[in-house]
Amino acid sequence: MDYYFEDFTETNYVKILQLAKSKCRFCDYEELLDESQQNIIVWRHDIDMSVHRALKLANLERENNVSAVYFVHLNSAFYNVFEKVIREMLKKIGSMHEIGIHFDCGMYEGTPTKSKLEEDLDYYKTILEKFLEVRIKSFSFHNPTKEILELFSEEKYAGLYNAYAERIMTNASYCSDSNGYWRYQRLQEFLSNENHSRMCVLTHPVWWVPKVLPPRERIQRAIDGRSNAVARAYDEEMRALNRKNII
């Protein structure tokens, strides 16, 4: 099977953006729900692992005059929203594109109720709006099960657009880069399909890197970058405090 790892480079990403831009207009979820609108696309990023990669893609999109929605994962094991460096990067992304909530139902024991989901979404919304100085309008589920998608299929919860709403998933064509390869259709082929006039594209920034790599190496790149950054922060703190850093 050809996984097309060569697709997942920064250079090819720009080509894909240019193709999408030539085919349709970039929009948000509110406009996508207006079924009178045609030749439109929501370009969505779930930031599961790498804010650094997200900022790189955000800059490429700005340079190509297109808009995207970046969903921030407050429960991620791979980055901390409250770190100064991460916060500043997310604020830069928010100055260029829409920021949303990437919500993980896996943190619950069992299946959450609608009231609990809305309570937590409202709480996360308050945190992100205050901390990143942005307006939160939408959310996406992180690795949702079939049960979660069936249970929470409405267009809005806690006043936020649901990226997995039944009407969105039914009335728009969908393509995703989940797991770092194309499980269904290459994005280039998806965008070139004349039958797709209303589209949702999901990417995960960690997959898009400067050179061709298999998915596990792309993940390791992010893990090593995070580890090295933590080590540098410790060493810099020891120097700033004029303390011995014994090896």
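This one's a predicted model, so the numbers in the text were calculated from it and none came from an experiment.
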- [ ] May I ask you to check whether H97 and Y70 show a side-chain donor-acceptor distance below 3.5 Å?
- [x] no
Open item on the list: For C24, is there any backbone N or O sitting under 3.5 Å from a side-chain donor or acceptor partner on N39?
Closed with: no
- [ ] Answer yes or no for R44 and Y174: cation-pi contact, defined as NZ/CZ to six-membered ring centre under 6.0 Å and angle to ring axis within 45°.
- [x] no
Open item on the list: Evaluate F152 against Y157 for ring-ring contact (aromatic ring centres under 6.0 Å, His included), listing each step before the verdict.
Closed with: CA-CA 9 Å; F152 301 116; Y157 293 91; 5.6 Å; yes
- [ ] May I ask you to establish whether R218 and F8 are in a cation-pi arrangement, using a distance under 6.0 Å from NZ or CZ to the six-membered ring centre and at most 45° from the ring axis?
- [x] yes
Open item on the list: Just verifying a value: how many Å separate K125 NZ and I101 CD1, rounded to the nearest 0.5 Å?
Closed with: 8.0 Å
- [ ] To the nearest 0.5 Å, tell me how far I40 CD1 sits from F26 CZ.
- [x] 12.0 Å
Open item on the list: Using 0.5 Å steps for rounding, measure from the OG atom of S140 to the CG atom of D46.
Closed with: 4.0 Å
TODO: To the nearest 0.5 Å, tell me how far M107 CE sits from C105 SG.
DONE: 7.0 Å
Open item on the list: Determine whether T9 and T11 satisfy the following criterion, side chain to side chain donor-acceptor pair (under 3.5 Å), listing intermediate values before the conclusion.
Closed with: CA-CA 5 Å; T9 64; T11 299; 4.9 Å; no
TODO: Taking D122 for its side chain and E118 for its backbone only, find out whether a donor-acceptor pair lies under 3.5 Å.
DONE: no
Task: hydrophobic_cluster_shared for Y123 and I136, side chain cutoff 4.5 Å - done: yes
Open item on the list: Testing the basics here: between E30 and Y161, what is the closest heavy-atom pair and its distance to 0.1 Å?
Closed with: CG-OH, 3.1 Å
Open item on the list: Looking at every heavy atom in both I47 and H73, which two are closest together, and how far apart are they?
Closed with: O-CB, 3.6 Å
List the atom pairs, with distances to 0.1 Å, where a side-chain N or O of residues 51-58 and a protein N or O form a donor-acceptor pair under 3.5 Å, not counting sequence neighbours.
residue	atom	partner	partner atom	Å
R53	NH1	E10	OE2	2.8
R53	NH1	W208	O	2.7
R53	NH2	E10	OE2	3.1

Task: Any residue meeting side chain to side chain contact (heavy atoms under 4.5 Å, CB included) with I246, in chain and number order, not counting sequence neighbours - done: K244
- [ ] Only one of I41, N193, V42 passes side-chain contact (heavy atoms from CB on, under 4.5 Å) with M199; say which it is.
- [x] I41
TODO: Fit a plane to each ring of F71 and H102, take the angle between them on a 0 to 90° scale, and name the class: parallel (under 30°), tilted (30 to 60°) or perpendicular (over 60°).
DONE: tilted
Task: Pairwise distance CD1(I99) to CE(M96) - rounded to 0.5 angstrom - done: 9.0 Å
Open item on the list: Tell me if the CD atom of E237 is crowded by more than 12 foreign heavy atoms within 6.0 Å.
Closed with: no
Task: Steps toward side-chain contact (heavy atoms from CB on, under 4.5 Å) verdict (S76, D48) - done: CA-CA 7 Å; S76 176; D48 288 350; 6.0 Å; no
Open item on the list: Treating S95 as the side-chain partner and K92 as the backbone partner, does any N or O pair qualify as donor plus acceptor under 3.5 Å?
Closed with: yes
Open item on the list: Is it true that Y124 and N75 share a donor-acceptor pair across their side chains at a distance under 3.5 Å?
Closed with: yes
Open item on the list: Do F82 and I86 sit in one hydrophobic cluster, given that two such residues count as connected whenever their side-chain heavy atoms are within less than 4.5 Å of each other, even indirectly?
Closed with: yes
Task: Residue pair D177, H204: steps toward the side-chain contact (heavy atoms from CB on, under 4.5 Å) verdict - done: CA-CA 7 Å; D177 69 354; H204 300 77; 2.7 Å; yes
TODO: Check whether any side-chain heavy atom of E236 sits under 4.5 Å from a side-chain heavy atom of L241, and report yes or no.
DONE: no
TODO: Kindly work out whether a path of hydrophobic side-chain contacts (I/L/V/M/F/W/Y, heavy atoms less than 4.5 Å apart) joins V85 to F78.
DONE: yes
- [ ] Measure the shortest side-chain to side-chain distance between D104 and N143 over non-hydrogen atoms and say whether it is less than 4.5 angstrom.
- [x] no
TODO: Flag yes if more than 12 heavy atoms outside Y108 fall under 6.0 Å of its OH atom; otherwise flag no.
DONE: yes
Task: Face-on cation placement of R87 at F131 ring, 6.0 Å and 45° thresholds - done: yes
Task: N/O donor-acceptor pair under 3.5 Å between S176 side chain and S178 backbone - done: yes
TODO: Determine the minimum heavy-atom distance between W43 and L187, stating which atoms define it.
DONE: CH2-CD2, 3.9 Å
Task: Side-chain donor-acceptor contact under 3.5 Å, E61 with S67 - done: no
Open item on the list: For residues W207 and L19: do they belong to one hydrophobic cluster (side chain heavy atoms under 4.5 Å, members Ile, Leu, Val, Met, Phe, Trp, Tyr)?
Closed with: yes
- [ ] Output, in order, the C-alpha distance, side-chain angles, deciding distance and verdict of salt bridge (Lys or Arg N to Asp or Glu O under 4.0 Å) for R25 and E31.
- [x] CA-CA 11 Å; R25 179 171 53 82; E31 190 167 9; 2.7 Å; yes
Task: Crowding at CZ, R135 (>12 non-hydrogen neighbours, <6.0 Å) - done: no
TODO: Run the numbers on R167 and E154 for salt bridge (Lys or Arg N to Asp or Glu O under 4.0 Å), then give the verdict.
DONE: CA-CA 8 Å; R167 196 154 72 87; E154 297 174 24; over 6 Å; no
Task: Side chain K21, main chain N64, donor-acceptor under 3.5 Å - done: yes
Task: Note, P214 side chain near Y181 side chain (heavy atom, < 4.5 Å) - done: no
TODO: Using the six-membered ring wherever Trp is involved, compare the ring planes of F139 and F141 and label them parallel, tilted or perpendicular (cut-offs 30° and 60°).
DONE: perpendicular
Open item on the list: According to a hydrophobic-cluster definition based on side-chain heavy atoms being under 4.5 Å apart (Ile, Leu, Val, Met, Phe, Trp, Tyr only), do I223 and Y79 belong together?
Closed with: yes
Open item on the list: Salt bridge check, R239 against D235: does any charged N sit closer than 4.0 Å to a carboxylate O?
Closed with: no
Task: Heavy-atom closest contact (V209 atom, L213 atom, distance) - done: CG2-CD1, 4.3 Å
TODO: Determine, step by step, whether K91 and E129 satisfy the salt bridge (Lys or Arg N to Asp or Glu O under 4.0 Å) criterion, reporting the C-alpha distance in whole Å, the side-chain angles of both residues, the deciding distance to 0.1 Å, and the verdict.
DONE: CA-CA 10 Å; K91 287 179 71 174; E129 286 189 335; over 6 Å; no
Open item on the list: For a quick test of reading the model, state the closest non-hydrogen atom pair linking C175 to Q185 and the distance between them.
Closed with: SG-O, 3.6 Å
Open item on the list: Pair Q37, L32 - check side-chain contact (heavy atoms from CB on, under 4.5 Å), show working.
Closed with: CA-CA 7 Å; Q37 298 296 317; L32 189 67; over 6 Å; no
Open item on the list: Main chain of V69, side chain of E98: is a donor-acceptor contact present, judged purely on distance under 3.5 Å?
Closed with: no
Task: Test side-chain contact (heavy atoms from CB on, under 4.5 Å) applied to L117 and F103, step by step - done: CA-CA 9 Å; L117 172 66; F103 192 85; 3.5 Å; yes
TODO: Tell me, yes or no, whether the heavy-atom count around Q18 atom CD, taken from other residues, nucleotides or ligands under 6.0 Å, exceeds 12.
DONE: yes
- [ ] Looking only at non-hydrogen atoms, find the nearest pair between K23 and S192 and report the distance.
- [x] NZ-O, 3.9 Å
Open item on the list: Can you see whether S115 engages T113 through a side-chain donor-acceptor pair at a distance of less than 3.5 angstrom?
Closed with: yes
Open item on the list: Strictly below 4.0 Å, N to O, side chains only: are K15 and E6 in salt-bridge contact?
Closed with: no
Open item on the list: Rounded at 0.5 Å granularity, tell me how far OG in S138 sits from CD in E155.
Closed with: 13.5 Å
Task: Identified side-chain contact (heavy atoms from CB on, under 4.5 Å) counterpart of V72 within the set V81, I93, V134 - done: V81
